[in-house]
Amino acid sequence: MVLLPCPHCGPRDAAEFGYVGERAARPDPGAATPQQWRGYLYLRRNPAGWADELWLHRAGCGRYLAMSRHTVTGDIRAVRDAATGGAD
Amino acid sequence: MRLDGQPGEVIHRGTPLTFTWNGRPYPAFAGDTIGSALAAAGERVFSRSLKYHRPRGLLTADGNDPGCLVQVDGEPNVRGAHRRVSAGMAVTAQGVWPSLRFDLKALNRLAGPALSTGFYYKTFIRPRRLWPYYERVLRRFSPGGRVPSPSSPAGRYEHRYAHPDVLVAGGGPAGMAAALAAAEAGARVMLVDDQPALGGHLRWGGPDGLAALAQLRAAVAAAGGIEVLTDSVVTGQYEGGLVAVVQHGLPGLTERLVKARPRQLVAAAGLIERPYVIAGNDLPGVMLSTAVRRLINLYAVRPGARAVVFTANDDGTAAAADLARAGVDVRRVVDARDGGDIVRVRGRGGVRAVECGDGSVVRCDLLVTAVGWTAPTGLLTMTGGRAAYRAGAARFVPTELPDGVLATGGLVGDGTLAELIGHGRAVGQAAARRAGRTAPASPVPDLVPAPHPELFAGRTNGFVDFTEDVSTKDLAAAVAEGYDSIELVKRYTTATMGPTQGKLEAVNTIAVVAAATGRGIPETGTTTARPPYAPVSLGALAGRNYQPVRRSPMHDWHVAHGATPLVAGAWIRPDHYGDPAGEVRAVRQGVGIIDVTPLGKFELRGPHIPDLLELLYVNRWRKLAVGAVRYGVMCTEDGVVFDDGVTGRLGEHRYLLTATSSGAEAVGEWLERWLQTERAHWRVHVVPMTDAYASINVAGPRSRELVRRLTTGIDLSPEAFPYMRVRLGEVAGVPDCVVWRIGFTGELSYELHVPAGNGLRVWEALLATGVDLGVRPFGVEAQRILRLEKGHLVVGQDTDGLTQAYSAGLDWAIKMDKDDFVGKPELAWQRVRDGQVVLVGLQPADPELVPPESSQLVEGDRRIVGRITSSRFSPTLDRSIALGFVAPDLAEPGTVVTMLLPDGRRLPARVMPQLAHVDPEGKRLHG
């Protein structure tokens, strides 16, 4: 019921998108301890506030999008194609 | 009784029609509502009330009428005073037995004490074992209509999206003026009204109003950029400014849900008249002033013969004038502004007399009340606006509006027609400006609620909530029991929780609770308004079903040849053609063909494909030569088996990757995820090809013979085309086919990927060409048996969401010497962890017994040591076979484990030396 901004398609109904999850950096698989690796697998910040999220515009351009979204208000302050890199 | 022509009537006397009410034919005119047509025919009782089964008639004569819910053909709970009647419509009263007139359930009145306040929470609870019995009886007493049977024709519903600049909710004078002003500023406007025509109270408010209405309607019709939605209602505003509009009365469509995202919402819902709470106020023949004015002026119906009018405002006086003009004998007008009051309505089944405050009793069949207005602020407060009580005006008015919302008209205050229009215009301009258009910034004039006496409930016990049968006494009892918060009183008594959702009764409820607690109305506060503002059908919310069904190009052939369909995700597949065991034998002894089109297929192009495959699969890919095929296993980062399939290298930088049928979509997203996020610099292009190829697996010792007859340009000799190789060529005259030799069934087999348009041609050619070889089609069930005989696992069947790759017998595929692959760290830790379950082949001691899948393996009474993941009767071995997980200490071949069947039996099964039950050496596969 919410519009999300897609950098390729413009504002689109949220139903077109899939929520992948909070973005998490992948540790070096050769050096990670079980604790580090499981933090990457399971532990998310789940903030009541700004979250760095990964979304998929499934019914649109099919691109993965990096979004900075406020989990309380639903505001989105930044969105980019995940492939274009950025300040992570 | 029908009156002579009225100046503003909406009935079309030239179009008479007939409908039925409880089985009997009734006359009506096009334009009538069900309620007006029945009233014109002299009917007064339309329903029986919820708890006491009291007779109820017209009260408001509009969409909020509480006593007017009826069944129309298969549709329950239709608002009878709102729905237009049509020819042949079959209308029946709801929840009455044996008939509306002699409703036995009215005996409930004698059982009144049992249905007292909060009876939902007090009665029928104990003893608990009797609840199913109570439920059956209670259901017969509930007032809802009959839900249409699943076989009855479904209505047609759809959704529409709209992006107007300004959406005006309410098409009265202020709403029309707002729409016009916004449109003049260039805004695209959607103007919504729940009646079949614009106008609001001007439609029934007398001759002056009609002249102004004609002008406003003409202006709206002439203005560009106003889309008018009549017979439509704004049911709510939601997050992100979404406004839901349910549109009714469209040709060929039952209802349409419009999901509108206006940049500005203008609420212009007008006012709703309030009933007066005294004894007998629910008798048929008690009506609001607006009800009789609608009946007379819109539908030319005389609402009664002899009337008493109780009024506290000019609208009651105007109603008295309308009644007199319609030939109703107005016996007395009791004016509250002069200290007049009424105490009680007498009658059984209908109004017989009214007791006035001065002790006099006036005989009549109609009591008309005009005691005040409710501003429907729900649309504003449901998105964060606020409303406050104005004692001098005896109503709640909006005080704070949510972002993106403006209000005009009666919702805000009262005024002359010119003042309402002036306010509407200024608000319309403001809305257009906020929507980014250029409009004059004229100040919004004040629109102040007019003074009105506070008149809610009289001295006697009357109904506050008509749909829920909640009376003054019930509310007082709830307060006496300690429920002093209005929200708690609401839930305990269910007042305002019926179909009208408080629009009619909320303020009276608050006033009665305020009186009972001794607090004022402002301290008592309001209940929370939530969507929907008006009833919405489930069909409208669901909309049209766009769930796609996927069929292979050979689907019609399967149907024509007796295939039993299997629903597999979105696909319809042939489960078998009548004899799965026979199909298995055909494959083992001769040759069979199966339609495997749903197999997920992706064509990969680009220089970094080996890098991608090395990363996403646990196996090794770098040395895969052009023309070779390899089986691969994918895990997620937790080491859990995610998907499997074969991938063939078709060219230097061209691969065909396959995924399981059920996992195809997820694998496609997985490939893209890694390519777009973690490895965005890799050059790999992924093209989904599942639907582009029809896929046919040709399996059996004679499959080479069959395929050879149809292929050109491919050497099928075992030396030139060994196991796990791929060739490109022509099959049955169809170019650009991919042919690879794999062995899911455990037999010599070739999988053909044919451009989809030619799938049926190749399928039929295989069957026609192979008659002498005994070729026959086989379905999914035979394939499941064949692969189980061979011990090939099915991801999701023989693995679950916790199965890491070392538990699935895939040790041979996992290449821990690779630098990295998805899930590698977890698999490294799994490999050295004790106690990991293992997938093994199992054979029950009783060869006839096929243990149900998911049967547990147990040790004694207390320990679960595994479970059966797949089981079938093997036609090849003539015995039952299975795959299952066992604890590592039981994985040794020859170990006897105990199966616990769902029926409680405990039976032995033996652990096999390997997963394959048939041809463990793979001779057939490599033949």
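As a basis for the values below, the full set of heavy atoms in this structure was taken, side chains included, without hydrogen atoms, waters or symmetry mates. Quick caveat: nothing in here was measured; it's all calculated off a predicted structure. Here is the naming used below: chain letters follow the sequence lines, and residue numbers restart at 1 for every chain.
Around the NE2 atom of B:H685, the shell of radius 6.0 Å holds no more than 12 heavy atoms that belong to other residues, nucleotides or ligands. B:E665 CD: 12 or fewer foreign heavy atoms inside a 6.0 Å radius. Within 6.0 Å of the CG atom in B:D403, the count of heavy atoms belonging to other residues, nucleotides or ligands does not exceed 12. Surrounding CG of B:D817 are more than 12 heavy atoms belonging to other residues, nucleotides or ligands, all under 6.0 Å away. Open room surrounds CZ on B:R386; 12 or fewer heavy atoms of other groups in view lie less than 6.0 Å from it. B:D819 CG: 12 or fewer foreign heavy atoms inside a 6.0 Å radius.
One distance of note links CG of A:D28 with CG of B:D820; it measures 8.0 Å at 0.5 Å rounding. For the atom pair CZ of A:R38 and CH2 of B:W829, the computed distance is 5.5 Å after rounding to the nearest 0.5 Å.
Residues from residues 55-67 of chain A that place a non-hydrogen atom less than 4.5 Å from a non-hydrogen atom of chain B comprise A:L56, A:R58, A:G62, A:R63, A:Y64, given in numerical order. Contacts of residues 42-52 of chain A with chain B at a heavy-atom distance below 4.5 Å involve A:Y42, listed in sequence order.
Listed options B:R673, B:E672, B:Q676 were ranked by heavy-atom pairs under 4.5 angstrom with chain A; first place goes to B:Q676. No other option in B:A828, B:P825, B:G668, B:A244 has as many heavy-atom pairs under 4.5 Å with chain A as B:P825. Interface summary for chain B: among A:A25, A:P29, A:A82, A:G18, the most heavy-atom pairs under 4.5 angstrom belong to A:P29.
With a 4.5 Å cut-off on non-hydrogen atoms, A:P27 does not touch chain B at all. For B:E678, the part sitting under 4.5 Å from any heavy atom of chain A is the side chain, from C-beta outward, and nothing else. The contact between B:Y161 and chain A is made entirely by side chain atoms (from C-beta outward), counting heavy-atom distances below 4.5 Å.
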Criterion side chain to side chain contact (heavy atoms under 4.5 Å, CB included) on B:E826 and A:L41, from CA distance to verdict
CA-CA 10 Å; B:E826 284 292 351; A:L41 286 180; 3.5 Å; yes
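For the pair A:D13 and B:R261, the minimum side-chain heavy-atom distance is below 4.5 Å.
Looking at A:W37, its side chain does come within 3.5 Å of a backbone N or O of B:E637 through a donor-acceptor pair.
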